[in-house]
Amino acid sequence: MPIYEFRCKSCGKDFEVLFFSISEKREVLCPDCNSDEVEKLMSVFGGTSGSTSSSSCSTCSSSSCST
Ligand SMILES: [Zn+2]
């Protein structure tokens, strides 16, 4: 389940909200002041993992392989 980080525009609090599906749309309220003036920050779920270099050969693990 994805976790998204939000920031309240009213009081400036950062908080995380767990969604049950990635396409779920629901109203997010600030846990401190109950304002719905929140903005979504970058997801803290996943991060930068999975970045692969496309310049290296997948069969011989050489970066200068010509095949
Ligand atoms: Zn708030």
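Every number for a ligand or one of its atoms is a count from 1 in the order of the listing. These values consider heavy atoms only, across backbone and side chains, with no hydrogens, waters or symmetry-generated copies.
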Original post:
If every non-hydrogen atom of D32 is compared with every non-hydrogen atom of C11, which pair is closest and at what distance?
Top reply: CB-SG, 4.2 Å
Original post:
Between P31 and K13, what is the shortest heavy-atom contact and its length?
Top reply: CG-CE, 3.8 Å
Subject >> Taking every non-hydrogen atom, the tightest pair across L29 and N34 >> reply: CD2-O, 3.9 Å
Subject >> Nearest heavy-atom neighbours spanning V38 and V28 >> reply: CG2-O, 3.5 Å
**OP:** State, to 0.1 Å, how close K40 and Y4 come at their nearest heavy-atom pair, and which atoms those are.
**Re:** CE-CD2, 3.4 Å
Original post:
What's the verdict on side-chain contact (heavy atoms from CB on, under 4.5 Å) for C30 and S10, showing C-alpha distance, side-chain angles and the deciding distance?
Top reply: CA-CA 9 Å; C30 173; S10 183; over 6 Å; no
Subject >> 2.8 Å shell around the Zn ion (ligand 1), exclusive bound, protein N/O/S atoms >> reply: 4
